[in-house]
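All values below come from the heavy atoms of this structure, side chains included, with hydrogens, waters and symmetry mates left out. For the single chain, residues carry numbers from 1 onward in sequence order.
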Amino acid sequence: MKGEGDCYEAAAKLLYEHRSCPGIVLVHGTVTGQGPIAGMRYGHAWIEIGDVVLDPSNGRFVCARKSAYYAAGEIREPLSRYNFEAAARQMLETRPYGPWETCLILTPPAGAKRSH
């Protein structure tokens, strides 16, 4: 959907493409926006491999240390982590790419655009 971003789909596809990489997980959490959406909290998805975060959303590819990524997005628990098998099960049973957690389905303020 326009203005919605593609983080859930992009992260799930990256997980699939690299599913044999040891320790790779799909993460769903809530982040705080920056730039035009500064201060807005919204659900987001990314990939983690150990201490590295990969965020392929919206045609960009962010690669960062987990500590820096979490600090920039004001990310904190609760987070949901899925290995490939768990993510595949969720995709078959519920929404294709997520979010699968009801606490992450946030409604942005009227007129706000989400850029994740």
Side-chain angles (χ1 to χ4, degrees):
M1 288 187 256
K2 187 175 183 177
E4 290 282 321
D6 68 350
C7 67
Y8 293 102
E9 181 177 354
K13 287 180 176 180
L14 186 63
L15 175 70
Y16 175 76
E17 291 167 8
H18 299 283
R19 63 191 176 277
S20 62
C21 180
I24 190 169
V25 291
L26 170 65
V27 184
H28 289 178
T30 303
V31 301
T32 299
Q34 299 174 6
I37 57 168
M40 187 176 130
R41 302 277 298 158
Y42 59 91
H44 192 56
W46 61 93
I47 296 294
E48 292 180 5
I49 305 171
D51 189 38
V52 175
V53 170
L54 305 173
D55 183 345
S57 61
N58 299 323
R60 299 171 302 163
F61 193 88
V62 173
C63 179
R65 289 279 173 211
K66 187 174 172 179
S67 57
Y69 188 85
Y70 277 48
E74 299 177 26
I75 299 169
R76 54 190 177 272
E77 297 291 339
L79 299 172
S80 297
R81 290 182 170 84
Y82 304 90
N83 63 19
F84 175 71
E85 292 77 16
R89 187 170 41 256
Q90 287 288 346
M91 285 185 243
L92 290 171
E93 294 175 1
T94 60
R95 297 178 146 166
Y97 301 111
W100 303 313
E101 310 79 9
T102 56
C103 64
L104 296 181
I105 304 173
L106 304 178
T107 304
K113 291 185 179 179
R114 292 168 43 190
S115 68
H116 71 287

Euclidean distance, H28 NE2 relative to C7 SG, rounded to 0.5 Å
7.5 Å

Which is it for Y42 and V31 under the side chain to side chain contact (heavy atoms under 4.5 Å, CB included) test, yes or no, and what are the steps along the way?
CA-CA 6 Å; Y42 59 91; V31 301; 3.5 Å; yes

Measure across A12 and M91 and return the closest heavy-atom pair with its distance rounded to 0.1 Å.
CB-CE, 4.0 Å

In terms of relative ring orientation, are W46 and Y70 parallel, tilted or perpendicular, with 30° and 60° separating the classes?
perpendicular

Do R65 and V52 pass the side chain to side chain contact (heavy atoms under 4.5 Å, CB included) test, and can you show the C-alpha distance, the side-chain angles, and the key distance before you say yes or no?
CA-CA 5 Å; R65 289 279 173 211; V52 175; 3.7 Å; yes

Closest non-hydrogen atom pair between L26 and A87, with its separation:
CD2-CB, 4.1 Å

Taking everything shown except F61 itself, do over 12 heavy atoms lie less than 6.0 Å from its CZ?
yes

Rounded to the nearest 0.5 Å, how far does CG of D55 lie from CD1 of I47?
9.5 Å

Could you walk me through whether K13 and Y97 pass the side chain to side chain contact (heavy atoms under 4.5 Å, CB included) test, one step at a time?
CA-CA 9 Å; K13 287 180 176 180; Y97 301 111; 3.6 Å; yes

Q90 side chain to G98 main-chain N or O, any donor-acceptor pair under 3.5 Å?
no

For the pair E48 (side chain) and G50 (backbone), establish whether a donor and an acceptor sit closer than 3.5 Å, ignoring hydrogens and angles.
no

Any chance you could lay out the side chain to side chain contact (heavy atoms under 4.5 Å, CB included) test for L54 and V62, step after step, and finish with the verdict?
CA-CA 6 Å; L54 305 173; V62 173; over 6 Å; no

Nearest 0.5 Å, please: how far is OG1 in T30 from CZ in R76?
8.5 Å

Going by heavy atoms in the side chains, are N83 and I24 under 4.5 Å from each other?
no

Spatial distance of atom CH2 (W100) from atom CD (E93) [nearest 0.5 Å]
10.5 Å

For the residue pair G29 and L79, what are the closest heavy atoms and their distance?
CA-CD2, 3.6 Å

Given 3.5 Å as the limit, does a donor-acceptor pair link the side chain of D6 with the main chain of N58, or not?
yes

Heavy-atom donor-acceptor pair, Y8 side chain to H44 backbone, under 3.5 Å
yes

Does this structure show an ion pair linking E85 with R89, if we count only N-O contacts that are shorter than 4.0 Å?
no

